Amino acid sequence: MLKPLDMSGSSFEIKTPELFRFAPCLDYFARSTQECLYEIQGDSIQKLLHVGGRHVLVSIQSPQDHALEVKVLTGGPLTTEEQEEAHTYIREWFDLERDILPFYYLAGKDENLKGVVQRFYGLRIIRIPDLFEALCWAVLGQQVNLSFAYTMKRRVTEAFGDSLEWEGRIFRCFPAPEQLLTASLEELASMKLSRMKSATILEIARMMVEGELSREGLLAMGEMDLVEKRLLAIRGIGPWTAHYVRMRCLGDQSAFPIGDAGLHNAVRELLGLSQKPSAAELRHLFSAWKGWEAYATFYLWRTLY
DNA sequence: TTCCAGGGCTATT
DNA sequence: AATAGCCATGGA
């Protein structure tokens, strides 16, 4: 299954499916210069992963179209189990398990979507496999402009997350729930989170530490409607956040954050509307893409930058 | 200055 | 059920 490129265990290869290209994914990663959880360098991305209870810095590139090459920069060589864990994370990160041919088939016949999938050919939904990170990122992103959301994420990450220095650069992990739980509401508020955002992520951290909320538990529910109800029961999580997490973390390709301001702007541009589309107009537009709402949304987001 | 961001809660009708 | 006001900040 895993094909080491050498005998040291310090690099390995991940096969990629049809309709995958690394370049548009790299373009997505490079969309903001404010991101603190990975770094882009040329045609590669570096990220600090949490595997086998420790931190491993990896660099990923794709010299050929059919595979990713993962180099372990620090923390290697990996045990077989650790390599398996990193492998699993990265496959999920790039959504490599999904057969997106049906999406490309319907998009290719769709006058509105055709140009978009051509422009970003091979792009996958870049996921946030870590549930806590995904929930917090969604909460931080509620209502505020993305630049400010990145600033808040960086402050929280620098204050409570693990980090590692390599060749003069610092790489960071988003805090684990246990780590964030050491924060006080006042501390988070001093980072310019609203009291509501602060209380919400503290409560999410508490629930995850107590075992009341987990990624495995949500996935075990099977039905995404049940997952949504579970998430909506948390104060500070509404429909947008629930769908965002379904889409970015849980791999639900039919998640549809219909209230998303960015999506509204993307659709307004796409259709040349004079004002933002109504919910009814959005539902009508997306009805042609049923089952692939998350992919349509992700691709439309890309048209904004 | 004003508007609005990859929303959600609360109080008021 | 529907809706205005509020939160917090900063880009444009």
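What you see is a predicted model; the values in this text were computed from it and never measured. Heavy atoms only: backbone and side chains are in, while hydrogens, waters and symmetry mates are out. In what follows, chains are A, B, ... by sequence order, proteins preceding strands, each numbered from 1.
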Colleague: Quick one: side-chain contact (heavy atoms from CB on, under 4.5 Å) partners of A:His50, sequence neighbours excluded?
Modeller: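 A:His50: side-chain contact (heavy atoms from CB on, under 4.5 Å) contacts with A:His55.
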
Colleague: Between the side chains of A:Gln179 and A:Asp162, does any donor sit under 3.5 Å from an acceptor?
Modeller: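 The criterion, which ignores hydrogens and geometry beyond distance, is satisfied for A:Asp162 and A:Gln179.
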
Colleague: Taking atom P of B:dC4 as reference, at what distance in whole Å does atom CH2 of A:Trp240 sit?
Modeller: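 In whole Å, B:dC4 P lies 19 Å from A:Trp240 CH2.
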
Colleague: Between A:Thr151 and A:Gln143, just flag the one whose closest nucleotide in DNA chain C comes earlier from the 5' side.
Modeller: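 Mapping each residue to its closest nucleotide by heavy atoms, the 5'-most match is A:Gln143.
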
Colleague: Output all residues satisfying ring pair (Phe, Tyr, Trp, His ring centres under 6.0 Å) with A:Phe148, sequence neighbours left out; order by chain, then residue number.
Modeller: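 If we apply the ring pair (Phe, Tyr, Trp, His ring centres under 6.0 Å) test to A:Phe148, skipping adjacent residues, there are no hits.
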
Colleague: Heavy atoms only, 4.0 Å cut-off, all strands: where does A:Thr241 land among base, sugar-phosphate and nothing?
Modeller: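 The answer is sugar-phosphate, as A:Thr241 gets under 4.0 Å only of primed atoms, P, OP1 or OP2.
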
Colleague: Inspect the surroundings of CD in A:Glu187 and state if more than 12 heavy atoms from other residues, nucleotides or ligands are less than 6.0 Å away.
Modeller: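 Yes, CD of A:Glu187 has more than 12 neighbouring heavy atoms, counting only those of other groups under 6.0 Å.
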
Colleague: Excluding sequence neighbours, so at least two apart, what forms ring pair (Phe, Tyr, Trp, His ring centres under 6.0 Å) with A:Phe120?
Modeller: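 Partners of A:Phe120 by the ring pair (Phe, Tyr, Trp, His ring centres under 6.0 Å) criterion come out as none, since no residue qualifies.
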
Colleague: For A:His243 and B:dG8, what is the distance between atoms NE2 and C1' respectively, to the nearest whole Å?
Modeller: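 The answer, rounded to whole Å, is 14 Å.
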
Colleague: Suppose we screen for salt bridge (charged side-chain N to carboxylate O under 4.0 Å, His left out). Which residues come up paired with A:Arg246, at least two apart in sequence or across chains?
Modeller: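 Per chain and number, A:Arg246 pairs via salt bridge (charged side-chain N to carboxylate O under 4.0 Å, His left out) with A:Glu228, A:Asp252.
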
Colleague: Ring pair (Phe, Tyr, Trp, His ring centres under 6.0 Å) with A:Phe20: which residues, sequence neighbours excluded?
Modeller: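 Partners of A:Phe20 under the ring pair (Phe, Tyr, Trp, His ring centres under 6.0 Å) test: none.
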
Colleague: Anything under 30° is parallel, anything over 60° is perpendicular, the rest tilted; go ahead and classify A:Trp289 against A:Phe286.
Modeller: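 Ring orientation, 0 to 90° scale: perpendicular.
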
Colleague: Measure up the A:Phe94 and A:Phe22 rings against each other and bin them: parallel (under 30°), tilted (30 to 60°), perpendicular (over 60°).
Modeller: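 The rings of A:Phe94 and A:Phe22 sit tilted, inter-plane angle from 30° to 60°.
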
Colleague: In residues 164-172 of chain A, what donor-acceptor pairs under 3.5 Å come from side-chain atoms, sequence neighbours left out?
Modeller:
unit_1	atom_1	unit_2	atom_2	d
A:Arg169	NH1	A:Glu39	OE1	2.9
A:Arg169	NH1	A:Gln46	OE1	3.4
A:Arg169	NH2	A:Gln41	OE1	3.3

Colleague: If I take atom NZ in residue A:Lys192 and atom P in nucleotide B:dA5, what distance separates them, rounded to the nearest angstrom?
Modeller: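 Taking NZ of A:Lys192 and P of B:dA5, I get 24 Å after rounding.
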
Colleague: Mark yes when over 12 heavy atoms from residues, nucleotides or ligands other than A:Lys276 sit less than 6.0 Å from its NZ; otherwise mark no.
Modeller: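 Yes, enclosed.
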
Colleague: If you count heavy atoms of other groups shown closer than 6.0 angstrom to CD of A:Glu210, is the number above 12?
Modeller: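 For A:Glu210, atom CD is crowded (more than 12 foreign heavy atoms under 6.0 Å).
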
Colleague: Can you tell me if A:Arg31 and A:Tyr28 form a side-chain donor-acceptor pair at under 3.5 Å?
Modeller: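 The answer is yes; a qualifying pair exists.
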
Colleague: CD of A:Glu212: more than 12 outside heavy atoms within 6.0 angstrom?
Modeller: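 It does: A:Glu212 CD has more than 12 such atoms within range.
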
Colleague: Report the residues that fulfil side-chain contact (heavy atoms from CB on, under 4.5 Å) with A:Leu19, sequence neighbours left out, ordered by chain and then residue number.
Modeller: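 For A:Leu19, the residues satisfying side-chain contact (heavy atoms from CB on, under 4.5 Å) (neighbours in sequence not counted) are A:Ile100, A:Leu101, A:Tyr104, A:Tyr121, A:Arg124.
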
Colleague: Whole-Å distance between B:dG8 P and A:Glu203 CD?
Modeller: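 Going from A:Glu203 (CD) to B:dG8 (P), I get 17 Å.
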
Colleague: Which of residues 260-287 of chain A sit near DNA chain C, with a heavy atom under 4.0 Å from it?
Modeller: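 None, since no heavy atom is under 4.0 Å.
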
Colleague: Could you write out each protein N or O paired with an N or O of nucleotides 9-13 of chain B at a distance under 3.5 Å?
Modeller:
unit_1	atom_1	unit_2	atom_2	d
B:dC9	OP1	A:Gly236	N	2.9
B:dC9	O3'	A:Arg235	NH1	3.2
B:dT10	OP1	A:Arg235	NH1	2.2
B:dT10	OP1	A:Arg235	NH2	3.4

Colleague: Considering only the C1' atoms, how many Å lie between B:dC9 and C:dG10, rounded to the nearest integer?
Modeller: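 One C1' to the other, the span is 23 Å.
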
Colleague: With a 4.0 angstrom cut-off to heavy atoms of chain A, pull out the first and last contacting nucleotide of DNA chain C, in 5'-to-3' order.
Modeller: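 The contact span of chain A on DNA chain C goes from C:dC7 to C:dG10.
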
Colleague: Please list, in numerical order, the residues of residues 115-142 of chain A that have a heavy atom closer than 4.0 Å to any atom of DNA chain C.
Modeller: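 DNA chain C contact set from residues 115-142 of chain A: none.
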
Colleague: Evaluate the ring planes of A:Tyr38 and A:Phe29, with Trp represented by its six-membered ring, and classify them as parallel (under 30°), tilted (30 to 60°) or perpendicular (over 60°).
Modeller: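 Perpendicular.
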
Colleague: For DNA chain C, what residues of residues 292-305 of chain A have any heavy atom nearer than 4.0 Å?
Modeller: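 The stretch gives none, as no residue of it lies under 4.0 Å from the strand.
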
Colleague: Using atom P of each nucleotide, how far apart are C:dA2 and B:dA5 to the nearest Å?
Modeller: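 It comes out at 23 Å once rounded to the nearest Å.
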
